[in-house]
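To start, the structure under review is shown below, and the notes come after it.
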Amino acid sequence: MKKFITIISLLFAFTINAQEITVIQFNAKWNSHNTNNNIERVKRAQYKFAYLENQSEALQKSIKAVPTVVIYKDGKPVKVFRGDLTMTLTIRLEEVQEVVDANLD
């Protein structure tokens, strides 16, 4: 019984402290050499990477340029960074971190 209560307490603690900010970088496989690898070092947010080709058709149509970084809070986008005509994303980690920090409650 003690183990059960301990496990439940730990799960509750992890749930309470769960990150609600997610940073997702989308890129195409053919453009993978232009992935911005610095963004994965973002703090206080969950980072994910996704190839556009592996996403739903609706999501693929919503991404207008690659790479694209979308910052979500509670599953809703709060900021989008898009690649330019050279198909690179010239944002710095500090810019992404600033948006993440501004959206933490």
Side-chain angles (χ1 to χ4, degrees):
M1 186 67 169
K2 271 187 176 180
K3 284 184 182 180
F4 178 73
I5 292 172
T6 303
I7 291 171
I8 295 297
S9 297
L10 285 172
L11 288 174
F12 181 75
F14 285 124
T15 303
I16 293 286
N17 295 319
Q19 295 176 356
E20 56 186 89
I21 307 291
T22 304
V23 177
I24 303 178
Q25 181 171 190
F26 297 95
N27 203 350
K29 291 178 182 176
W30 56 265
N31 193 46
S32 62
H33 62 282
N34 284 326
T35 298
N36 189 322
N37 294 320
N38 290 326
I39 297 170
E40 66 188 35
R41 297 187 346 236
V42 67
K43 296 177 182 161
R44 295 175 296 284
Q46 184 177 17
Y47 172 82
K48 295 182 180 185
F49 178 86
Y51 281 118
L52 192 58
E53 296 90 342
N54 298 343
Q55 306 311 307
S56 69
E57 189 174 324
L59 181 60
Q60 287 182 27
K61 288 181 180 180
S62 72
I63 303 292
K64 303 297 181 197
V66 289
T68 292
V69 171
V70 183
I71 301 174
Y72 293 91
K73 180 176 182 179
D74 296 327
K76 297 177 184 171
V78 294
K79 180 74 176 176
V80 178
F81 297 96
R82 290 185 178 90
D84 59 18
L85 290 174
T86 64
M87 305 221 182
T88 58
L89 191 59
T90 57
I91 60 170
R92 298 180 343 249
L93 172 62
E94 293 80 13
E95 293 175 83
V96 174
Q97 191 66 61
E98 187 176 296
V99 174
V100 167
D101 293 344
N103 282 282
L104 289 172
D105 291 332

(request) Sort and list the pairs that fulfil salt bridge (Lys or Arg N to Asp or Glu O under 4.0 Å) and have at least one residue in residues 61-88, not counting sequence neighbours. (result) Glu57-Lys61, Lys73-Asp105
(request) With sequence neighbours left out, write down each residue that passes side chain to side chain donor-acceptor pair (under 3.5 Å) with Glu94, or none if nothing qualifies. (result) Arg92
(message) Nearest 0.5 Å, please: how far is OG1 in Thr68 from CD1 in Ile63?
(response) 5.0 Å
(message) Among residues at least two apart in sequence or on other chains, which ones pass ring-ring contact (aromatic ring centres under 6.0 Å, His included) with Phe81?
(response) none
(request) Could you check if a side-chain atom of Val69 sits within less than 4.5 angstrom of a side-chain atom of Asn36, using non-hydrogen atoms only? (result) no
(request) Consider only side-chain heavy atoms of I, L, V, M, F, W and Y, link residues closer than 4.5 Å, and tell whether Ile71 and Leu89 are in one cluster. (result) yes
(message) Does Phe26 form a side chain to side chain contact (heavy atoms under 4.5 Å, CB included) with Val66? I'd like the steps, not just the answer.
(response) CA-CA 7 Å; Phe26 297 95; Val66 289; 5.6 Å; no
(message) Are Ile24 and Ile91 connected into the same hydrophobic cluster when the rule is that any two of I, L, V, M, F, W, Y join if their side-chain heavy atoms are below 4.5 Å apart?
(response) no
(message) Using only atom types and a distance under 3.5 Å, with no angle test, would you say the side chain of Gln46 pairs donor to acceptor with the backbone of Thr22?
(response) no
(request) Identify, with sequence neighbours excluded, every residue that meets side chain to side chain donor-acceptor pair (under 3.5 Å) alongside Asn31. (result) Asn27, Asn34
(message) Looking at Lys29, is its backbone amide N or carbonyl O close enough to the side chain of Glu53 to form a donor-acceptor pair, meaning the two atoms are under 3.5 Å apart?
(response) yes
(message) For Ala65 versus Gly83, what's the shortest heavy-atom pair and its separation?
(response) CB-O, 3.7 Å
(message) Is any side-chain heavy atom of Val99 closer than 4.5 Å to one of Val96?
(response) no
(message) In the structure I gave you, are the side-chain heavy atoms of Glu40 and Phe49 within less than 4.5 Å of one another anywhere?
(response) no
(message) What verdict does the side chain to side chain contact (heavy atoms under 4.5 Å, CB included) test give for Ile21 and Arg44, after you've listed the backbone C-alpha separation in whole Å, the side-chain angles of each residue and the deciding distance to 0.1 Å?
(response) CA-CA 8 Å; Ile21 307 291; Arg44 295 175 296 284; over 6 Å; no
(message) Pairing donors with acceptors under 3.5 angstrom, does anything connect the side chains of Thr90 and Thr88?
(response) no
(request) Could you walk me through whether Val78 and Tyr72 pass the side chain to side chain contact (heavy atoms under 4.5 Å, CB included) test, one step at a time? (result) CA-CA 6 Å; Val78 294; Tyr72 293 91; over 6 Å; no
(message) With rounding to the nearest 0.5 angstrom, report the CG to CD distance, Asn54 to Gln60.
(response) 8.5 Å
(message) Donor-acceptor check, side chain of Gln25 to backbone of Ile39, threshold 3.5 angstrom: yes or no?
(response) no
(message) Among residues at least two apart in sequence or on other chains, which ones pass side-chain contact (heavy atoms from CB on, under 4.5 Å) with Glu98?
(response) none
(request) State, yes or no, whether a side-chain contact exists between Val23 and Lys48 at a heavy-atom distance under 4.5 Å. (result) no
